[in-house]
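Note on naming: letters A, B, ... go to the chains in the order of the sequence lines (proteins, then strands), and numbering restarts at 1 for each one. The analysis underlying the following values was restricted to heavy atoms, covering all of them including side chains, and did not include hydrogens, waters or symmetry mates.
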Amino acid sequence: MGAGSEKKKEFPPVDEQLTYLKKGIVDLLTEGELRERLQASRRSGRPLRVKVGFDPSAPDIHLGHTVLLRKMKHFQDMGHEVIFLIGDFTGLIGDPTGRSRTRPQLTRQEVLANAETYKEQAFRILSAAKTTIRFNSEWLGKLGAEGFIRLAARYNVARMLERRDFRTRYEAGESIRMHEFLYPLAQAYDSVELRVDVELGGTDQLFNLNVGRDIMPSYKLPPQVVMTTPLLEGIDGSEKMSKSMGNTIGISESPGEIFGKVMSISDGLMWRYYLLCTDFSQAAIETMQEEAGKGTLHPRDAKIRLARELVSGFHGEVAARAAEEEFQRIFSRGEVPEEVPEICLAEGPVLEPGEGGRGWVIHLPVLLAAEGLAASRSAARRLLAQGAVYLDGTRVQEEHLEMEAGRLQDGALLKVGKRRYLRIRKA
RNA sequence: GGGGAGAUUCCCGAGUGGUCAAAGGGAACAGACUGUAAAUCUGUCGCCGUACGGCUUCGAAGGUUCGAAUCCUUCUCUCCCCA
């Protein structure tokens, strides 16, 4: 997706840009305005300035976050300028959206360190060269009490209360703190300061983005175009992807882990991930979906393609190919994974003297729990009872909690469930 | 300043003196099946113990009681109402 040289900007045709940029979008205010700006930019050779704000509390970026990052990338693909705005100042206020707990105040050093973490992760998707990083304390810090009050004068309470979150809370008689009103204003001011053409955010940001849009004309600026990306469902397919739900795919996770997690999503969810987490065009995705419906494309193959696409995006193609091969080996062919953790038997809690001169004995629940093949000894017992434990391909009977070490082959392979393996070496 | 609601096992959410390791749903895990770690079905899902069982949990600390997640006191936190 080349976007012209640095010297003389050339942009793809407006309709082509529009289709690509609109993919997966929830809100677009307004499409007409976006078209006009794209036309103007194409005429003048000036890229659009696209702003996206991020909270300074460095999270581990997961697939859900990448929906927005990917949309930023799409703008970059089309040759536009993306501003990655770190809300170090607004972070102090605390965005009222969603959570109620006030965030811990961060020091300058922490903010900078978090920014680095962001960069390291976000630039797996974004082009570092085409991204400008800014901090909003730069201008908001200078605003002062007077500036803030003047800023606040540009908006009114009725508009604020239009925000669904505020309105429902207000009508339900719940508390709304004054500072919560200041957050959208501060965010809006960022757009003024940066003279942005487009602001992007998650759907939950729609109101905040619109405040920026509303306020810009009073600074004699054209209102920014507002676009929102949807929230991605987690791998369970029901809840939103979030760390607390434990249904995430982290982009820093190992290739094998990402590949496997993608393969574990339901067939239906797969199309959603295609739409929101890849650069495939909507038309291409719909075609695949049709083919899958007709039976000409196996859903499994479509999912493998998705997994490959995602892994290679975060870890490169080589890693993606390796992850795929490994997946095929373990699940399609039922073979043993390339690398299996090993344990060297040594005297200790795992290996104990058996009774009645039986020599050394391995207590399986202890071993499984100690080596992380089961969460606890109790859990290991349950797995044993469920027939989930195999030794060299033979199911271990429930009652065999202890194994005589002397009978064990060197390099014996212990398998628990479908995915956990352990090779036992003799000391 | 005054009044009220609430904090339950990973998440949501029942439970108001014993039958509670605590309903139900979700997630997770296992088995069967398969097209894959999809779907579906079945089972498991605090810890320790082969087992009978034992131990530790229901915001925190005390107390009442033969016995408490459930009652009382204090504390912490969240929220609401009236000033």
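Pair assignment for C45(B) gives none, since no Watson-Crick or G-U wobble pairing has each distance under 3.5 Å. The partner of C58(B) is absent, by the rule that a Watson-Crick or G-U pair needs both atom distances under 3.5 Å. For U9(B), there is no paired base (Watson-Crick or G-U wobble, both distances below 3.5 Å). Base pairing of A27(B) is not made with any nucleotide, judged by Watson-Crick or G-U wobble geometry with both donor-acceptor distances under 3.5 Å. Across all strands shown, A14(B) forms no Watson-Crick or G-U wobble pair with both distances under 3.5 Å. The base-pairing partner of U36(B), taking Watson-Crick or G-U wobble contacts with both distances under 3.5 Å, does not exist among the strands shown. Nucleotide A22(B) is matched to nothing when pairs are restricted to Watson-Crick or G-U wobble geometry with both distances under 3.5 angstrom. Nucleotide C71(B) is matched to G63(B) when pairs are restricted to Watson-Crick or G-U wobble geometry with both distances under 3.5 angstrom.
Between Lys51(A) and the options Gln187(A), Glu193(A), Glu199(A), a side-chain hydrogen bond (donor to acceptor under 3.5 Å, both in side chains) holds for only Glu199(A).
Only the P atoms considered, A14(B) is 11 Å distant from U8(B), to the nearest whole Å. Here, G18(B) and A22(B) have their P atoms 15 Å apart, quoted to the whole Å. If you take atom C1' in U9(B) and the same atom in A69(B), they sit 11 Å apart, rounded to whole Å. For the C1' atoms, the distance from C71(B) to C79(B) is 25 Å, rounded to whole Å. Atom P of G43(B) sits at a distance of 13 Å from the matching atom of G26(B), rounded to the whole Å. Remark: the separation of the P atoms in C52(B) and U57(B) is 23 Å, to the nearest Å. With both ends at atom C1', the span from U64(B) to U73(B) equals 10 Å, rounded to whole Å. Taking atom P in both C47(B) and C29(B), the straight-line distance is 16 Å, to the nearest Å.
Checking G31(B), C29(B), U36(B) against the side-chain heavy atoms of Phe331(A) singles out U36(B) as nearest.
Checking the phosphate oxygens (OP1, OP2) of C29(B), no side-chain nitrogen or oxygen of Lys418(A) falls inside 4.0 Å. Residue Arg300(A) places none of its side-chain N or O atoms closer than 4.0 Å to OP1 or OP2 of G35(B).
Straight-line distance from the CG atom of Leu306(A) to the P atom of A37(B): 17 Å, rounded to whole Å. Counting to the nearest Å, the C1' atom of G26(B) and the CD atom of Glu233(A) are 15 Å from each other. Atom pair Lys240(A):NZ and G26(B):P shows a separation of 18 Å (rounding to whole Å applied). Here the P atom of nucleotide A37(B) and the CD atom of Glu324(A) are 15 Å apart, to the nearest Å. Nucleotide U36(B) holds its P atom 21 Å from the OH atom of Tyr273(A), rounded to whole Å. One interatomic measurement links the two molecules: CD1 of Ile304(A) to C1' of G35(B), which rounds to 10 Å at whole-angstrom precision. We find that CZ of Arg419(A) is positioned 12 Å from C1' of U36(B), with the value rounded to whole Å. To the nearest angstrom, C1' of C29(B) lies 15 Å from CG of Asp236(A).
Under a 4.0 Å N-O distance rule, the pair Glu120(A)/Arg124(A) qualifies as a salt bridge. Arg150(A) has a carboxylate O that lies under 4.0 Å from a charged side-chain N of Glu146(A), or vice versa, which qualifies the two as a salt bridge. Look at Lys73(A) and Asp77(A) and you find a salt bridge, because one of the NZ, NE, NH1 or NH2 atoms lies within 4.0 Å of a carboxylate O, short of that distance.
With sequence neighbours excluded, the residues that form a side chain to side chain donor-acceptor pair (under 3.5 Å) with Asp27(A) are Thr228(A).
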Using a 3.5 Å cut-off and no angle test, enumerate the donor-acceptor pairs between side-chain atoms of residues 411-418 of chain A and protein atoms at least two apart in sequence or in another chain.
none

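In terms of position along RNA chain B, the nucleotide closest to Ile235(A) lies nearer the 5' end than the nucleotide closest to the other residue of the pair Ile235(A) and Gly387(A).
A cation-pi arrangement is found for Arg154(A) relative to Tyr219(A), the charged atom lying closer than 6.0 Å to the ring centre and inside a 45° cone about the ring normal.
Residue contacts for Gly260(A): at a heavy-atom cut-off of 4.0 Å it reaches a base atom on one of the strands shown.
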Protein-to-nucleotide contact annotation, 5' to 3' order, nucleotides 38-54 of chain B [B base; S sugar-phosphate only; - none; under 4.0 Å, heavy atom]: S----BSS-SBBS----

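Note that CE of Met263(A) and CD1 of Ile304(A) are 4.5 Å apart. Values are rounded to the nearest 0.5 Å.
Using a 30° and 60° split on the angle between ring planes, Tyr20(A) and His74(A) fall in the tilted class, from 30° to 60°.
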